[in-house]
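As a basis for the values below, the full set of heavy atoms in this structure was taken, side chains included, without hydrogen atoms, waters or symmetry mates. Nothing here was measured: the structure is a model prediction, and the numbers come from that model. Throughout, protein chains are lettered first and strands after them, A, B, ... in sequence-line order, and every chain is numbered starting at 1.
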Amino acid sequence: MNNYNHKQIENKWQKIWKESELYKTPDTIPSKKNWYALSMFPYPSGDLHIGHWFAFTPADAHARFKRLEGFNVMHPQGFDAFGLPAENAAIKNNINPKKWTFDNISNMQKQFDMMGNSYDWSRKLITCTPEYYKWNQKFFVEMYKKGLAYRKNGPVWWDPIDQTTLANEQVVDGKSERSGADVVKKLMPQWYFKITDYAEELLDMDNLEWPEKIKQMQRNWIGKSSGVTINFSIENSNEKISTFTTRIDTIYGVTFVVLAPEHPIIKTLSLSKNKYVKEYIARSQKMSEIDRTSTIREKTGVRTDVCCINPLTGEKIPVFVGDYVLASYGSGAVMGVPAHDERDFLFARKYDLPVKVVVSPDGSKNFQLSKAFTGNGIQVNSEEFNGLNNVEGKEKIAKLVEEKKFGKKTITYHLRDWLISRQRYWGTPIPMFYDENNEIIPVEEKYLPVILPEAKEFMPTGQSPLTLDEKFLYFDHPRYGKLRRETDTMDTFMDSSWYHLKFASPGILDSPFKKEKIDLWNPVDQYMGGAEHAVMHLLYARFFNKVLRDLGYLDFDEPYKRLFNQGVMLARHMKISKRNNPLNPQPLVEKYGTDSVRAYLMFLGPWDRGGDWSDSGINGIYRWLNRVWDMITVQYKEKNISQEQTKISIQTSNEITKNILSDMKNFKFNTTIASLMEYSNFLSKIKKEGSISNTNWNNSCKRLLIHLSPICPHITEEIWSILGNKKSIHLQKNPTFDDKLLEKDNLTLMVQINGKLRDQIQVEKNAPKEQIIDNAKKIKKIQQHLEGMKIIKSIYVPGRIINFVAKPE
RNA sequence: GCCGAGGUGGCGGAAUGGCAGACGCAGCGGGCUUAAAACCCGCCGCCAGUAAAAUGGCGUGUGGGUUCGAAUCCCACCCUCGGUACCA
């Protein structure tokens, strides 16, 4: 028999699978249920590195496993092809972004082939093609007509390196998530999607089988908080300052009110006539957003010339401007309660403002504070509410505020509307016209797609490069005459918000997708990808699903039924250079083969944990696959068939299958492989002895191969065909197990004294408790340890342990 | 600060109330070989003990607790990673 030649085998089978269209998925197969296995599609950056392998090959193994379980599995792949890197490459190397993107795609697709994944490439999609982005545009127009897309002049995050605007989510620590630049706020007209309309529904994730961690992150991001909006009237004015608070129970403790520097009332009341106020506001606007939002920074502010009135007490309260108050949250103004809010406490101390305790932990009025007391307690100094628990106080005071029309209960969210427009070239053109009065006219469907024209100039200027294209910019409309086009393009998260639908319905040109096909496959049964998309892609896709539902395209509420996040593959302590790139899997594939690389990535540890990449240890996997190859391809010879070994081998086989079926289901590839290694070690011992029949041997080998096939699809397919099987191993069914066969006649029980292991004992399956305990007591070693002791209790847990609790006599 | 995950041999990790360290890497000893690689066999937590064994003690970040019994459950703390942060 030949030696294991991974290179030849992998080439051979990849070619055969392609030619026979083994992984092409029909929409339905009678008697099979559909299963949609989706990996988050990649950005075509140029090369697939080991991180991509870590994301995609275990996902493929899981999809293959579902196939063995008897599902009709669709496992598609495509390219998230719009985005900045293409444009940056264009600027840097003077390459056409389209060419750059498509070159990368063809290169990456070759690398994808090397992985041996079971992709149905007939469903491939590339988001930068007009056939795809046309539907972005159609959806956009429909959303506009429903009031879900709107244009607003607003303060937006501006990335000075990428020269474009960013959504809230794309700003991390005051820096651009993409470029790393310090972002600044700019006032510009922008397009938004009204994701906030769906905030409440997005919070409902009870029916999602997602990691709790991701759900929690989304909940935090949406940031629901309920409280009361209460209005403070201003002395000698008809204006009111409305403030939002979650602690209406502390209303009697308000000793000042703080406005955000951007608060509109500052203008209305001409508060900046006061030169200190004017200077303060000017200074805070110059300050970078990172400095302003730094929590370590001292809270500062400036006193204005006006006072307002606490509607409940009638007290006169000074009004400040302070940059620790954010214009974009709540109502842009807060009531200052220094006794019960950390920030207000620091502010009050700095400006020597009174601190009035209204909630006290023990109910005493003269409770002394060294810092704010933010816990629950008893209302004091709160007029008619004194003596109440503040939780109750909160309810009662809120009721009073509503009755007296001082304000009303309010719910606010941290979530802001999704900023969708980008002043960049390589994206979906936003399908809108403007007439001479700057009135917005959506592009009619017959004029879609608005084709992204070829461009020559990509230098970021703050305006979309499309502005420079006169031919694109103006349109002679039969009804409206000469119209100017919108030149902004869409955020690429638009593309990934519905791509999973397109996979289910490929090749359709007259509509985004066919509903009958969508319903066959969606929602996605198993979505797999990195946790870095927890609050962006995954939230947008959920929002978009609900929008499409409300537009009548879909009937279901959520796009991804189950989600699994693989961990991050780090490459620390390693220099990445083009010549010697430790992240490039190609040399490993050359040396050990795809199957070894796949198995090694899955063997490293739990998939959701990730780890520091190192290839030490892959040789162990390679050696093992070689042993499996030799063991099965070299003829088995019966020698002395033993009933005992036959029984053990059947037990072992059943046990292994039971473990593997459960581990594979739960993405525990590492323990699956460990079980397979154990099984092959066991079989190789059997082979040396020749102690089971040929039939049993063959069945065991088949079992091993089928279990291994999702992880190592090539070697298993080759051995499978060497064994004479005509139909692909990837079209087989999982081996089964029988719980009855797992029961053993004799068990080994551990014997403990006071919880310390002292010896073990063989017992018969159905032996009575008393007899077992009695026998255990008689063991020599146990007797030795019990010398001078008295057994006060004997514990017997069937199938597990015996424990004697003993004391000195 | 807050939310979440985690801390186990030289390394990756296994065990989620009952044999700690499965499986593998590295290492050590031996076989095969003129030799090396490959391959095969054996050993491999720490300390004490022994000619070698036997054997005993200790041991899952730290300290306490629950339990006949804890890596696993509870409390407090320390550290690492991920997320988030003046959200009123």
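Checked against side-chain contact (heavy atoms from CB on, under 4.5 Å), L203(A) has the following partners two or more places apart in sequence or in another chain: E200(A), R219(A), I222(A), K224(A), Y413(A).
Counted by atom type alone, D344(A) and Y324(A) present one or more donor-acceptor pairs between their side chains at under 3.5 Å. In the model, Q762(A) has a side-chain atom that pairs as donor or acceptor with a side-chain atom of T748(A) under 3.5 Å. Side-chain N/O atoms of H707(A) and T657(A) include a donor and acceptor closer than 3.5 Å. Side chains of Y679(A) and T652(A): a donor-acceptor N/O pair is absent below 3.5 angstrom, by distance only.
No contact: R219(A) has no heavy atom under 4.0 Å from any strand. Here G223(A) lies out of heavy-atom contact (under 4.0 Å) with every strand. Within 4.0 Å of K807(A), counting heavy atoms only, lies no atom of the nucleic acid at all. Across all strands shown, N670(A) has heavy atoms under 4.0 Å from sugar-phosphate atoms exclusively, and none from any base.
Out of U55(B), C3(B), A22(B), the shortest distance to the side chain of K781(A) is found at U55(B). Set against G56(B), A20(B), G24(B), the side chain of N681(A) has G24(B) as its closest nucleotide. Listed nucleotides A14(B), C87(B), C68(B) differ in distance to K793(A); the shortest reach to its side chain belongs to C68(B). Checking A88(B), C25(B), G82(B) against the side-chain heavy atoms of T246(A) singles out A88(B) as nearest.
The phosphate of C11(B) has neither OP1 nor OP2 within less than 4.0 Å of any side-chain N or O from S614(A). Phosphate proximity of C58(B) to K756(A): present, with a side-chain N or O under 4.0 Å from OP1 or OP2. A close approach under 4.0 Å does occur between a side-chain nitrogen or oxygen of R609(A) and OP1 or OP2 of A14(B).
Separating the C1' atom of C79(B) from that of C28(B) is a span of 34 Å, rounded to the nearest Å. Taking atom P in both A54(B) and G45(B), the straight-line distance is 13 Å, to the nearest Å. Taking atom P on both U80(B) and C75(B), the two are 23 Å apart, rounded to the nearest angstrom. Nucleotides A70(B) and G82(B) are separated by 28 Å at their C1' atoms, to the nearest Å. Nucleotides G49(B) and A35(B) place their C1' atoms 42 Å apart, quoted to the nearest Å. Separation of the P atoms belonging to A20(B) and G56(B) is 13 Å when rounded to the nearest angstrom. Comparing U60(B) with C73(B), their C1' atoms are spaced 16 Å from each other, to the whole Å. Rounded to a whole angstrom, the distance from the C1' atom of U62(B) to that of C78(B) is 7 Å.
Side chains of Y796(A) and N803(A) form no contact here, defined as non-hydrogen atoms less than 4.5 Å apart. A 4.5 Å side-chain heavy-atom check between L625(A) and C712(A) finds at least one atom pair inside the cut-off.
No more than 12 heavy atoms of other residues, nucleotides or ligands lie within 6.0 Å of CD in Q635(A), so this atom counts as exposed by the packing criterion. Applying the 6.0 Å contact sphere to NZ of K356(A) captures more than 12 heavy atoms from other residues, nucleotides or ligands.
Note: OH (Y796(A)) to C1' (C68(B)) measures 16 Å, nearest angstrom. Distance M677(A) CE to A14(B) P: 14 Å, rounded to the nearest Å. As a whole-Å value, the separation of D759(A) CG from A54(B) P is 14 Å. Rounded to whole angstrom, the span from the CG atom of L604(A) across to the P atom of A22(B) amounts to 18 Å. Remark: C1' of G4(B) and CD1 of I214(A) are 10 Å apart, rounded to the nearest angstrom. For the pair I251(A) CD1 and A88(B) P, the interatomic distance rounds to 16 Å; values are reported in whole Å. Rounded to an integer number of Å, the gap from OH of Y413(A) to P of A88(B) is 14 Å. The separation between M217(A) atom CE and A5(B) atom P is 13 Å, rounded to whole Å.
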Write down the protein N/O and nucleotide N/O pairs, taken from nucleotides 37-41 of chain B, whose separation is under 3.5 Å; answer none if there are no such pairs.
residue : atom : partner : partner atom : Å
C41(B)  : OP1  : K688(A) : NZ           : 3.3

Between the protein and nucleotides 15-18 of chain B, which nitrogen or oxygen pairs come in under 3.5 angstrom?
residue : atom : partner : partner atom : Å
G18(B)  : N2   : Q752(A) : OE1          : 3.3

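Aromatic pair W210(A)/F564(A): ring centres not closer than 6.0 Å. Between F320(A) and F347(A), the distance from one ring center to the other falls under 6.0 angstrom.
Proximity of a side-chain donor or acceptor of D608(A) to a complementary backbone N or O of G567(A) within less than 3.5 Å is not detected.
Contact annotation: side chain of K299(A) to base of C86(B), donor-acceptor pair present below 3.5 Å.
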Fill in: Intermediate values then yes/no, side-chain contact (heavy atoms from CB on, under 4.5 Å), K299(A) and K350(A)
CA-CA 8 Å; K299(A) 310 222 162 342; K350(A) 184 169 161 85; 5.8 Å; no
Item to complete: Under 3.5 Å for both distances, Watson-Crick or G-U wobble, that's the pair rule; now give the dot-bracket for RNA chain B, with | marking pairs to another strand and [ ] for crossing ones.
Response: (((((((..(((.....[....))).(((((.......))))).((((......))))..(((((..]....))))))))))))....
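Taking for each of F804(A) and S675(A) the nucleotide of RNA chain B with the nearest heavy atom, the 5'-most of the two is the partner of S675(A). Nucleotides of RNA chain B nearest to S225(A) and P606(A) differ in position, and the one nearer the 5' end is that of P606(A).
For the pair K215(A) and E209(A), the salt-bridge criterion is not met [side-chain N within less than 4.0 Å of a carboxylate O].
Applying side-chain contact (heavy atoms from CB on, under 4.5 Å) to Q218(A) and the options L208(A), L202(A), L538(A) leaves one that passes, L538(A).
From I230(A), atom CD1 reaches atom CZ of F232(A) across 5.5 Å, with rounding to the nearest 0.5 Å.
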Validation: residues 661-678 of chain A side-chain donor-acceptor distances under 3.5 Å, sequence neighbours left out:
residue : atom : partner : partner atom : Å
D663(A) : OD2  : T671(A) : OG1          : 2.9
N666(A) : ND2  : S662(A) : O            : 2.9
T671(A) : OG1  : K668(A) : O            : 3.2
T672(A) : OG1  : K668(A) : O            : 2.9
S675(A) : OG   : T671(A) : O            : 3.1

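G4(B) has its base anti relative to the sugar, with a glycosidic angle deviating from 0 by more than 90°.
For the segment residues 329-348 of chain A, the set of residues with a heavy atom within less than 4.0 Å of an atom of RNA chain B comprises Y329(A), V334(A), R343(A), in numerical order.
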